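Report on the following structure.
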Number of protein chains: 2
Amino acid sequence: MEANVNESGFRGLDKSLRIQKITDTAAELFHRKGYRSTTLDDVSKELGITKAALYHYVSSKEKLLSRIYIQALENIFRNTDKIAGKDLPPDVRLRLIIQNHIKGIIIQSISMFSVFFTEENQLPDKEFRKIQQEKKKYTRIVETIIEEGISQGLFRKSDPKLQAFAIIGMCNWVYKWYKPGPGSYTPEQIADYFTSLLERGYLKGDVEEVPDVPELSEGGREKAGSRKEGYQRLRVKCEELSKLVDEMEKHG
Amino acid sequence: MEANVNESGFRGLDKSLRIQKITDTAAELFHRKGYRSTTLDDVSKELGITKAALYHYVSSKEKLLSRIYIQALENIFRNTDKIAGKDLPPDVRLRLIIQNHIKGIIIQSISMFSVFFTEENQLPDKEFRKIQQEKKKYTRIVETIIEEGISQGLFRKSDPKLQAFAIIGMCNWVYKWYKPGPGSYTPEQIADYFTSLLERGYLKGDVEEVPDVPELSEGGREKAGSRKEGYQRLRVKCEELSKLVDEMEKHG
DNA sequence: AGATAGTTTTAATGACTGTTTAGTTATTAA
DNA sequence: TTAATAACTAAACAGTCATTAAAACTATCT
């Protein structure tokens, strides 16, 4: 029946730490139950204080949400500029970005990023736009690295924006499935793995020449060129695959 | 000031269509404002009827959410079994799965999947578990295809589950950035692009032999083997990269 | 026309919750 | 000791919202 007095209390912390604790607790609850479904009573109960006491530290529930967003952004952007600006080959920079990204999500707590990814529409308009803008900025960083990789002849030709979305999506989704624990992967292992997959793909590579990414703007796509036997069929186009599925639809 | 009488009215539809319209409208609003923040007044207003009239078709708000989840699942699973069971090489099956996945999300409406991905914690416990289970089932399907690809020597060695998460994440994230419109990519184009990236990676491929994915279980990883000059450095390990970042931290 | 069933509305209820107010306690400063 | 301030509490305000009850409208059938 007692209030939750877990994890090193709340009273015996100095102010900035107490605010941090409030933010973390809120993030955890918002993550578990959703922002709107979490009451300030829930938060205060979890902290072992009264709701009104909360208002000593945070001026509104909305402000609490803002704080979470600000922290998440700070965390993700902490290293990006340094990485992106460093004089390193694009592939290495991309690796660093990916690693930083996954580390940010996992170490800085999944809850915070879960909220970050799912509660945007709860922010006031102005803040919402700000966040949207920052996200675009981040995408743009990744995009730029990819562009450089391509222009240096290191990366295959592609649509850099689409590729950035693909990579970022793969990384972001970590918050959905990652469960910390003794047997879990470390963020570094995941980053290593993702990088390896993204750089080289999952197909075993004994092909003479890898074709560029298909043109996205037109229908007429790649005429099968000089590739080794056995990999011809890998390049079946999606249009054909579509027909295949449609066919399946009809005949059970 | 009038009620929203857009998109072909509500009154002139037969029952099952009316229920469908309610579900779609709800999904759209839940997507825009969040489940908890959307009132039934919002939904009914959007439909041009009163709140109480809604209760003729849906017994509770929760039920409305359930319906959305059920439809999303139906949509994703519609073809999977047929694809996974078909006697096709693993790489082709994986392509089909990816394509089906992205098509499902985009065509069947982003809103529905946005809700599907973000409002799970609003479901009653029993339903929540059911959904969780279905998601696992889906991951398992992808995983199995990957396992077969590996054992047939077609795919590089890897952790199939991690790879499944990576792929699924890349695909799911589409709901976050895809904006339908005249200049947008088609689902097929996105699927094509993702598949190409996933199969072959973004690095330009003039390497003799692509190394297997690094072992995830131990620290000691790959001794640089017989690879072409110039790609040596690509295989810098994340541990080393970490140090690099840490260093940057200190010296601006 | 009248009855019936299906549909929609108006009006109310009851529970919940973000926020405010007014006051208490503990700690520090003068 | 007195005054001031920070930390906190209890209670209530003001509003919102899911849900229900009961009345009114509409179309169809007899």
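Chain letters run A, B, ... following the sequence lines, proteins first, then strands; residues in each count from 1. In this text, all values refer to a predicted model and were calculated from it rather than measured experimentally.
- What separates NE2 of A:His56 from P of C:dA22 is a distance of 15 Å, to the nearest Å.
- Taking the six-membered ring where the residue is Trp, the centroids of A:His101 and A:Tyr138 are separated by under 6.0 Å.
- Remark: B:Lys61 pairs with no residue by the side-chain hydrogen bond (donor to acceptor under 3.5 Å, both in side chains) rule, at least two apart or across chains.
- Shortest non-hydrogen contact noted between A:Glu119 and A:Tyr35 is OE2-N, 3.0 Å.
- Side chain to side chain, B:Thr195 and B:Arg95 fail the donor-acceptor criterion of an N or O pair below 3.5 Å.
- Here the closest heavy-atom approach between residue A:Ser158 and residue B:Tyr193 is recorded as CB-OH, 3.1 Å.
- Distance alone, capped at 3.5 Å, places no donor-acceptor pair between the A:Ser196 side chain and the A:Asp192 backbone.
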Nucleotides 17-19 of chain D: which of its N/O atoms have a protein N/O under 3.5 Å away?
residue, atom, partner, partner atom, Å
D:dA18, OP1, B:Thr38, O, 3.4
D:dA18, OP1, B:Lys61, NZ, 3.0
D:dA18, OP2, B:Leu40, N, 2.9
D:dA18, N7, B:Lys51, NZ, 3.1
D:dT19, OP2, B:Tyr55, OH, 2.6
D:dT19, OP2, B:Lys61, N, 3.1
D:dT19, O5', B:Tyr55, OH, 3.2
D:dT19, O4, B:Lys51, NZ, 3.2

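- Against DNA chain D, the stretch residues 22-34 of chain A makes no heavy-atom approach under 4.0 Å.
- In this structure, A:Leu47 places its CG atom 15 Å from P of D:dA7, rounding to the nearest Å.
- Between the CD1 atom of A:Ile49 and the P atom of D:dA10 there is a distance of 12 Å, rounded to whole Å.
- Between B:Glu127 and B:Lys130 there is no salt bridge, since no side-chain N of the basic residue sits under 4.0 Å from a carboxylate O of the acidic one.
- Remark: aromatic rings of B:Trp173 and B:Tyr178 are distant, center separation not under 6.0 Å.
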